[in-house]
Amino acid sequence: MARGLPSTANLARFCQKLNRLKTLEESTREMSLQRHLTTLHLTLLGVSGVMGFGLYVFMCTVAKEMAGPAVIVSFSMAAVASLLASFCYVEFGARPPGRGSAYLFTYVSMGELWAFLIGWNVLLRCLIGSAAMARTWSSYLDAIFSHQIRSFTDGHVGIWQVPFLAQYPDFLAAGIILLASTFILCGARVSSWLNRTFSAISLVVILFTIILGCVLARPHNWSTEEGGFVPFGFSGIMAGAATCFYTFVGFDVIVGSSEVAQNPQRAMPMAIVISLGLAAGTYILTSTVSTLMVPWHSLDPDSALSDAFYQRGYSWAGFIVTAGAISAMTTLLLRILIFLPRMVYATAADGLFFQVFAHVRPGMQVSVVPLVPLTPALSILLNIFLMLHLSHLVWLSFSIWLLIGLAVYFGYGIWHSKENQRERPGLTATLDSLEETAQALQPPSPAPAQDPGCTEPSTSP
């Protein structure tokens, strides 16, 4: 083999590192937790985890820039795609032990590199989600004070002209994230009480918005004079559906509670279907009333729901909607900031991320696989179809994040993996055996010719 090129044994060893599977400890399989969550409890968890983000962050942006009033069709298609994906996600939490996650399921079934990439992209989702929620929190609060907070920042800091970044630094959003992190550090009891309180406020405000919005609806706002119902065509609907799909990702909180659920084989699918159905219905009704209250092209993406009431002269209603938006964003922000360390801990505990974040949580194994392979196949096809309608900026951001993740994995994770330490003695023996076999299969070298005159005399009589 030429100098500088890796040998076959080294290539085989490297490929085995990339695709090695996580070994589940016997102690982990045998441990169990108290199962006390019913289908109702799981459904409430899913509803509070899904509702809110799409209403206050994505709905009016999709309506104004992608789909128009047809945003209700985009939400419907995204709900179907999310439902198919959720059934596949149930298996993630039911087959491997411990708290359900796509990362763990991928590690025990597909391999280490793919598991790391899944966890890395879940981390990206949490970072983007927390930033978007804090930004929305800040925007709605700024709307209460007639955008004086933004004007103050513009006047004293200035406007940035940096591509892909906001025009001004949002110090209020950064402070909100720090404050929410402080509440989480106070303990589970404090964060749980805040979560329940803000969730109740958010649900009441959503119901109020739908009822009053129906009263103030004007069918003329869907007429051709205002651009029609589908101003951006079918491509706009699909682009909106691809964006709206992100609003349904909160159902993973149901799968994450599988080890403490009663009869998870039945409770998790039912809770997911009910919570996604309620969320889809809420998104459709709210987007309907918001585009009927005012023309879709006049919506303010930063505070659209409250702005629609302000435009109609109902300032008091806009204030109530703003309070609901702040409550919903606080709830979802707390959930993400609680889930984010768990995801980092899982990868660090397996040696794929820096050990300072390592922590281990045991769990329990159950089993569920519905309508396989029909459901996974439909989910894959529909999600690929939606991915084709994402913007170039989304793909660029994803590619950059993916390259950073690959650098982290090949620079740290592949060498410090717990599976690497576990398999090293056995792999060394296997490679030694392969080398011995290769040497045995080589043809014997011919014996050197001898000079007849130098032949030793026979010692036989």
Side-chain angles (χ1 to χ4, degrees), residues 48-58 61 119-145 147-154 156-157 160 162 164-199 201-202 205 246-247 249-250 252-253 256 301-306 322-348 353-354 356-357 359 397 400-401 404-405:
S48 60
V50 173
M51 285 188 185
F53 195 55
L55 296 179
Y56 304 108
V57 178
F58 282 127
T61 299
W120 187 252
N121 286 299
V122 170
L123 176 61
L124 174 63
R125 189 196 80 186
C126 292
L127 293 176
I128 293 178
S130 58
M133 291 173 193
R135 182 74 172 83
T136 305
W137 203 106
S138 173
S139 298
Y140 273 90
L141 184 63
D142 190 28
I144 296 179
F145 298 99
H147 302 287
Q148 294 182 6
I149 299 177
R150 183 170 66 179
S151 300
F152 178 84
T153 305
D154 291 343
H156 291 77
V157 179
W160 295 347
V162 181
F164 311 125
L165 294 180
Q167 293 184 348
Y168 63 95
D170 197 336
F171 298 109
L172 180 59
I176 292 167
I177 293 180
L178 294 177
L179 181 61
S181 302
T182 303
F183 284 132
I184 293 176
L185 293 177
C186 291
R189 179 173 299 179
V190 175
S191 60
S192 177
W193 179 83
L194 288 174
N195 189 24
R196 291 194 303 268
T197 303
F198 286 122
S199 296
I201 296 174
S202 176
V205 172
Y246 188 78
T247 65
V249 296
D252 54 0
V253 69
D302 291 334
S303 56
L305 280 181
S306 61
T322 299
I326 292 176
S327 299
M329 293 303 102
T330 303
T331 300
L332 296 176
L333 184 60
L334 288 173
R335 287 184 178 275
I336 287 184
L337 293 179
I338 292 174
F339 174 76
L340 180 59
R342 296 180 182 179
M343 187 70 254
V344 176
Y345 292 163
T347 56
F353 206 56
F354 306 109
V356 67
F357 302 109
H359 188 69
S397 304
I400 295 175
W401 182 257
I404 296 175

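- Pairing each heavy atom of T347 with each of V344, the nearest pair is OG1-O, 2.9 Å.
- Every residue two or more places apart in sequence or in another chain that forms a side-chain contact (heavy atoms from CB on, under 4.5 Å) with I400 is listed here: L396, I404.
- D170 meets the side-chain contact (heavy atoms from CB on, under 4.5 Å) test with R135, S138, L172, A173; sequence neighbours excluded.
- Every side-chain contact (heavy atoms from CB on, under 4.5 Å) that S397 has, sequence neighbours left out, goes to L393.
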For W401 and L127, run side-chain contact (heavy atoms from CB on, under 4.5 Å): C-alpha distance rounded to whole Å, both residues' side-chain angles, the deciding distance at 0.1 Å, then the answer. CA-CA 12 Å; W401 182 257; L127 293 176; 3.7 Å; yes
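- Scanning for side-chain contact (heavy atoms from CB on, under 4.5 Å) contacts around L179 gives F183, with sequence neighbours left out.
- Between the W137 side chain and the I177 main chain, no donor and acceptor come within less than 3.5 Å of each other.
- Annotation: the span from T247 atom OG1 to L55 atom CG amounts to 8.5 Å, rounded to 0.5 Å.
- Minimum interatomic distance between T322 and L141 (heavy atoms only, all atoms of both residues): CG2-N, 4.4 Å.
- Identified under the salt bridge (charged side-chain N to carboxylate O under 4.0 Å, His left out) test for residues 173-184, with sequence neighbours left out: none.
- Around CZ of F152, the count of heavy atoms belonging to other residues, nucleotides or ligands within 6.0 Å does not exceed 12.
- For S306, the side chain to side chain donor-acceptor pair (under 3.5 Å) test picks out no residue, with sequence neighbours left out.
- Closest heavy-atom contact between S327 and I201: OG-CG2, 3.3 Å.
- Heavy atoms only, all atoms of each residue included: L333 and M133 are closest at N-SD, 3.6 Å.
- The ring pair (Phe, Tyr, Trp, His ring centres under 6.0 Å) search around F353 returns F357, not counting sequence neighbours.
- Contacts of F171 classified as ring pair (Phe, Tyr, Trp, His ring centres under 6.0 Å), with partners at least two apart in sequence or in another chain: none.
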